[in-house]
Visitor: 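What follows is a structure written as structure tokens; I'll ask about it next.
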There are 2 protein chains.
Amino acid sequence: MNEPRAAIRVLIVDDHPLLREGIAAVLAGQADMDLVGEAVDGQDAVEQFRRHQPDVTLMDLQMPRLGGTAAITQIRSEYPSARIVVLTTYKGDAQAMRALKAGASGYLLKSMLRRELVETIRDVHAGRRRMPPEIAAGIAEHAADDALSAREVEVLRCVALGNANREVAAQLGIAEETVKAHMKSVLAKLSAKDRTHAVTIALRRGFIEM
Amino acid sequence: MNEPRAAIRVLIVDDHPLLREGIAAVLAGQADMDLVGEAVDGQDAVEQFRRHQPDVTLMDLQMPRLGGTAAITQIRSEYPSARIVVLTTYKGDAQAMRALKAGASGYLLKSMLRRELVETIRDVHAGRRRMPPEIAAGIAEHAADDALSAREVEVLRCVALGNANREVAAQLGIAEETVKAHMKSVLAKLSAKDRTHAVTIALRRGFIEM
DNA sequence: CGCCGGCTCCCCCGATCGGGGGATCGCGGC
DNA sequence: GCCGCGATCCCCCGATCGGGGGAGCCGGCG
């Protein structure tokens, strides 16, 4: 029984120590995988990536300091061939879409099994993309809709905090009529019945967070 | 070096295999703790509890089928001395409050460290209660406010889905004026500026879920 | 260059919201 | 038995929302 020639070097990025422990335990049982580092947030992830240059990075999305999507963007700008797998609880198609646009090669849900974890790592390391059907379906469902613009998201965030159109206008330094125009667009794009509905849809789909 | 007389028998309840793996790894490193079972949802938890009668149960709150709070209620009704620790990501004071009222002896955040996990298990097993300062502070902050009534929560859930007062009334089989009265009460209790604000506050504090 | 989409601003107007008031009923605790 | 509270219903009314219309400016893309 020979030692494997070159094990897949893996970096974990997640702010939950217990989850990192779990992944470490799974990787320890795989002869062809080595855990080379653990990062607790996006900033840490970028630094650890520079230091270890792992073959595959498992990245959570919501973390303190630098978020996961920003970390992916940063890493991929320095190392365009970096293979990064998102590992998170699904928070909507918009969230997933942003991560994929930032350069993620795969997606894993925290509810997935050990087997799927190691298979995904091997697939992504081999250059394949890997996407759970739920995620693919979620994205496909809204592939036709055009996404909210940055300004629309900004307006909606203010509305979610209980601001009237006039207050949003004051905060963003624009006219109330402009805010109303943005809200019209948001309601149409999200197929929402009113502003409250728009906020809950946007939360579900990951356009805004709480 | 003697084998410990009686190890603490622990049951894990969580629908994330990787997290269970992590906890299992931590417990394996503790001489005075034995993992006696793993459950993937509330229903499973009740059955496993009956079978193993563990000393301490680590319980996630949001799971498919039977939820964590309901599982705690069920278990404590059959075994009033059961020691159950909630292990979850913090989802608001109302959520935590419900779990404690159901009979949880402690609270753990998934972002906590190995050390805190084992310390909490030992403390709770010894009959002490254990509560992270963040949670205690979150609950204390709203200790004075009175909670939303069941009906108010029901109304708010409908409102969150984009229903106008009249539509909510039709769905609940009551008059529109009654819905308005409930909403007035909700806005006052949550100190919300409008219905949208009420919904986001209620989501943050765990009165409603998405 | 022309077009499209995003951002900005404006008007009209009916529908809805939210704050104020008040009222009845039933249930559980003191 | 009385009180409090939740649930139910009712009225008034000003403020806000949301749908309809239109219009100008700018930056990117074919």
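Quick note on labels: first sequence line is chain A, next is B, and so on, each numbered from 1.
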Visitor: Starting at CG of B/N165 and ending at C1' of D/dT16, how long is that distance when rounded to a whole Å?
Guide: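 Distance check: B/N165 CG to D/dT16 C1' gives 14 Å.
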Visitor: Taking CD from B/E152 and P from D/dC5, how many angstroms apart are they, rounded to a whole number?
Guide: 13 Å
Visitor: Given atom CG of B/N163 and atom P of C/dT16, what is their separation to the nearest angstrom?
Guide: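 My rounded result for the distance is 13 Å.
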Visitor: Side chain of B/K180, heavy atoms from C-beta onward: which of C/dC10, C/dT8, C/dG18 has the nearest atom to it?
Guide: C/dG18
Visitor: When the distance from NE2 of A/H197 to C1' of C/dT16 is rounded to whole Å, what number comes out?
Guide: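 Rounded to whole Å, this separation is 17 Å.
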Visitor: Establish, with yes or no, whether the OP1 or OP2 oxygen of C/dC9 is under 4.0 angstrom from a side-chain nitrogen or oxygen of A/T178.
Guide: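 Yes, within the criterion.
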Visitor: How do B/D194 and B/R151 order along DNA chain D: which one's closest nucleotide is nearer the 5' end?
Guide: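 Nearer the 5' end of the strand: B/R151.
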Visitor: In whole angstrom, give the distance that lies between atom CZ of B/R195 and atom C1' of C/dG18.
Guide: 9 Å
Visitor: Should B/H197 and B/I201 count as side-chain neighbours, where that means a heavy-atom distance under 4.5 Å?
Guide: yes
Visitor: When all nucleic acid strands are considered with a 4.0 Å heavy-atom cut-off, which category describes B/S149: base, sugar-phosphate, or nothing?
Guide: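 Sugar-phosphate only.
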Visitor: Measure the distance from CE on A/M183 to C1' on C/dC9 and round it to the nearest whole Å.
Guide: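 Between C1' of C/dC9 and CE of A/M183: 18 Å.
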Visitor: Check A/A198 against A/L187 and note the closest heavy-atom contact, atom names and distance.
Guide: CB-CD2, 3.9 Å
Visitor: Give the rounded distance in Å between these two atoms: CD of B/E177 and C1' of C/dC17.
Guide: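 Answer to the nearest Å: 12 Å.
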Visitor: Please evaluate the base of C/dG18 for a donor-acceptor partner in the side chain of B/K184 within a cut-off of under 3.5 Å?
Guide: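 When only heavy-atom distances are counted, B/K184 does not reach the base of C/dG18 through any donor-acceptor pair under 3.5 Å.
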Visitor: Which heavy atom of A/V124 sits nearest a heavy atom of A/S105, and at what distance?
Guide: CG1-CB, 3.9 Å
Visitor: Working note: A/R9 + A/D34, criterion salt bridge (charged side-chain N to carboxylate O under 4.0 Å, His left out); need CA distance, chi angles, decisive distance, verdict.
Guide: CA-CA 5 Å; A/R9 295 157 41 78; A/D34 278 350; over 6 Å; no
Visitor: Using atom NZ of B/K189 as one end and atom C1' of D/dG6 as the other, report the distance to the nearest whole Å.
Guide: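 To the nearest whole Å, that distance equals 8 Å.
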